[in-house]
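Hydrogens, waters and symmetry mates play no part in the numbers below; they use all other heavy atoms, side chains included.
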Amino acid sequence: MTFPAPPRAATRPHSYTRHGITIDDPWAWLKDPNYPDVTDKEVLAYLEEENAYFETVMAPLKPLTDRINAEMRGRIKEDEATVPQKDGDWLYWTAFDMGGQYRKWWRKPVAGGPDELLLDEPALAEGHEYFRLGAFAVSNDGTKLAYAIDDSGAERFEIRVKDLTTGEHLPEVIPGMLSDIVWTADDSGFLYGLANKEWRTDNARFHRLGTDPAGDVELYHEDDEGYRVAVSETSDRKWIMIATGDHVTSEVRLLPANDPFATPIMVAPRLSGREYDVDTHGDTLFIHTNDTDPMWRLATAPIAAPGEWTELIAPSPNFYMTGVECYRDFFVVEGREDGLDQIAIHRYDAPREGRRIAFPEPSYTAGLGDNPEYDQRVLRLGYESMVTPGTVYDYDTATGALTVLKVQEIPSGYDAGGYRTERLKIVARDGTMVPVSIVYPADFPKDGSRPLYLYGYGAYGHAIPPGFSTGRLSLLDRGFAYAIAHIRGGDDLGQQWYFDGKLEKRANTFNDFVDVAKGLIAQGWTSAGKIAIAGRSAGGELMGAVVNSDPELWGAVIADVPFVDVLNTMLDETLPLTPGEWPEWGNPITDKAAFELIRGYSPYDNVKPQAYPPLFISGGLNDPRVTYWEPAKWGAKLRATKTDDNVLLLKTNMGAGHGGKSGRFDSLYEAAEEHAFVLWQLGVER
């Protein structure tokens with residue numbers, strides 16, 4: 001196919017000096033100085049030019065894109081509904097109408113009665129290019145609903161309150177919110193947090209129903225601009241928690257749910273590097289913490305003496321404890337062993353003797369579902385694997401019986417027997433064994449002849465679960481294998497796995513990904529040049545790093561909202577996330593070593609004259625997490641520097657943010673575009 005010449009962004013002299021080093025950045029002008037309002041006509045014109053080029057190049061692929069989109073849509077039950085769950089006197093669930101982009105929220109009385117529509121997302125989304133529902137909280141007495149919406153993708157939510165007895169909205173509206181919503185015990189009001197002008201939640205506030213939100217009382221204010229404040233409640237709903245922290249340190253305060261103006265109880269003051277979270281059972285705190293070991297442990301303390309911690313379950317070298325939740329008659333410990341999810345039920349009278357729920361497959365993901373009641377004797381669980389569709393279970397804690405409530409329906413048909421999944425381990429260059437989850441067609445030949453799609457993230461201690469994907473089937477059915485590299489930087493194998501991929505060890509993340517690819521080639525799963533790779537956000541940074549270091553391995557690259565201008569972003573303390581990100585990446589403003597470290601791998605700063613693989617880059621104009629100019633600058637520099645004729649596409653969603661388009665079918669089409677690009681570049685049968 002022959003296409004017109006791609007856009008070329010103008011260069012304008014711009015440089016800055018830090019730690020005695022001068023950095024030239026001739027594409028810095030793509031950052032609108034009025035951000036978050038993007039009004040610069042030249043910036044907008046360039047983004048629109050790139051979008052027009054994207055449409056031109058993708059136009060011949062539209063029949064393929066439409067075909068893949070139809071396949072993906074055919075695997076989705078259009079009137080999908082969740083399994084109803086009891087909370088007090090009501091059963092709650094959500095459901096889509098046929099063809100609906102957004103869900104509706106329903107309930108009905110446990111004692112019997114008609115269905116009641118709580119919230120109509122399609123009606124709220126009408127007329128908006130983007131829509132997202134944030135916090136959703138029904139009052140304890142079931143008569144009010146407080147919820148938050150974002151209709152731009154900028155993640156600046158607006159709280160509204162609905163009277164469920166009349167169906168009418170109360171007059172108060174609270175803009176600029178960025179938090180959960182927690183009702184007080186008497187339902188006179190709720191706690192929430194506002195985003196400040198830097199898009200940081202540094203407060204917890206109380207709104208009393210029927211009053212002007214301008215007079216809402218600030219119950220807590222955080223002075224450290226690197227910390228974020230969150231509100232939540234304990235499982236028994238007797239306490240409201242105000243938590244604050246960054247990526248490495250946390251601090252929790254408790255307020256009685258029946259008296260939000262009481263003096264908060266500090267569980268434990270912040271101690272750098274110590275993280276903890278809490279739940280309560282009676283007068284006892286259950287404290288989940290990494291204070292002695294990165295595999296975490298469980299301690300208890302009297303609420304009356306919250307600093308007197310007594311170890312209840314010690315850290316284990318094999319079990320990574322990820323969370324603890326208390327119920328009336330038992331508590332649940334979740335974690336991972338060798339990277340695989342585990343759920344254990346513990347009795348209060350024998351707390352160290354947990355009973356694990358057994359799962360059959362070698363690679364899977366499982367966890368607690370929605371269990372809103374404290375007196376919960378049957379637990380709702382979720383389970384899936386790379387070949388097993390999402391399954392909802394009820395688990396009887398008394399008998400150990402698992403009851404299937406629902407299996408994800410695939411209307412166009414699905415035969416799990418046509419696919420296989422494995423859990424591999426591939427050695428990295430430093431001898432570390434890196435887990436890889438892989439799914440492939442049952443007749444897949446391991447002779448290097450087939451293409452492979454490799455996904456990675458590797459940051460913030462975020463593990464990528466080996467779950468099910470209906471969209472992925474469009475690749476598998478065309479002969480692909482699909483692999484997830486559980487690289488360092490995530491916490492797939494424990495928090496130390498995360499520590500070993502951050503700050504001065506950041507290179508491990510990139511090296512692990514490259515070494516996994518080489519290991520898969522050595523085992524015959526694929527060949528160099530037949531690997532499509534994908535990552536989003538910090539995973540997009542991973543994409544940028546590995547195309548700089550090993551471009552010959554990749555046949556196609558999908559980089560969604562990629563965090564690629566790392567050095568400039570970490571130097572700009574006015575950006576929403578930057579101060580809170582310094583524990584993850586380092587502070588190059590004050591630390592020369594951090595400056596040099598980030599400069600050494602930041603994808604934008606390390607673009608060089610060489611052949612690059614075909615690239616599909618996306619961004620969101622309203623994205624507050626990875627600002628639109630990061631992918632735009634990176635794409636512009638790549639165009640000006642690379643020595644090949646491979647296609648490079650930059651697509652900016654002009655009405656969306658970090659997650660791309662919001663409707664379930666609109667977002668599906670974007671996935672179909674990416675798949676079509678991969679198939680085109682790897683020359684796979686259409």
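Ion pairing between D623 and R536 fails under the 4.0 Å rule for side-chain N and carboxylate O. We find that K518 and D550 are joined by a salt bridge, their nearest charged nitrogen and carboxylate oxygen being less than 4.0 Å apart. Looking at D605 and R599, no side-chain N of the basic residue comes within less than 4.0 Å of a carboxylate O on the acidic one, giving no salt bridge. Between R328 and D236 there is no salt bridge, since no side-chain N of the basic residue sits under 4.0 Å from a carboxylate O of the acidic one. Between D430 and K505, none of the side-chain N atoms (NZ, or NE/NH1/NH2) sits under 4.0 Å from a carboxylate O, so this pair counts as no salt bridge. Checked for salt-bridge contact, R380 and D394 meet the test: a charged N lies under 4.0 Å from a carboxylate O. In this structure, R347 pairs ionically with D349, as a charged nitrogen and a carboxylate oxygen lie closer than 4.0 Å.
Aromatic ring orientation, F331 versus Y348: tilted (interplanar angle from 30° to 60°). Ring-plane geometry between F359 and Y364 is classed as tilted, the angle between the planes lying from 30 to 60 degrees on a 0 to 90 degree scale. The aromatic rings of F513 and W554 sit tilted, their planes meeting at an angle between 30° and 60°.
For R429, the salt bridge (Lys or Arg N to Asp or Glu O under 4.0 Å) test picks out D515, with sequence neighbours left out. Listed by chain and residue number, nothing satisfies the ring pair (Phe, Tyr, Trp, His ring centres under 6.0 Å) test with Y455 (two or more places apart in sequence, or in another chain).
A donor-acceptor distance shorter than 3.5 angstrom exists from the side chain of T578 to the backbone of D572, with no hydrogens or angles considered.
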Begin from the C-alpha positions of W525 and Y440 and carry the test ring pair (Phe, Tyr, Trp, His ring centres under 6.0 Å) through to its verdict. CA-CA 10 Å; W525 290 97; Y440 54 94; 5.0 Å; yes

V566 and E541: side-chain contact (heavy atoms from CB on, under 4.5 Å), yes or no, with the steps? CA-CA 8 Å; V566 186; E541 177 201 288; 3.6 Å; yes

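A 6.0 Å sphere centred on NZ of K425 holds no more than 12 heavy atoms belonging to other residues, nucleotides or ligands. Dense packing is recorded around NZ of K406, with more than 12 heavy atoms of other residues, nucleotides or ligands lying under 6.0 Å away.
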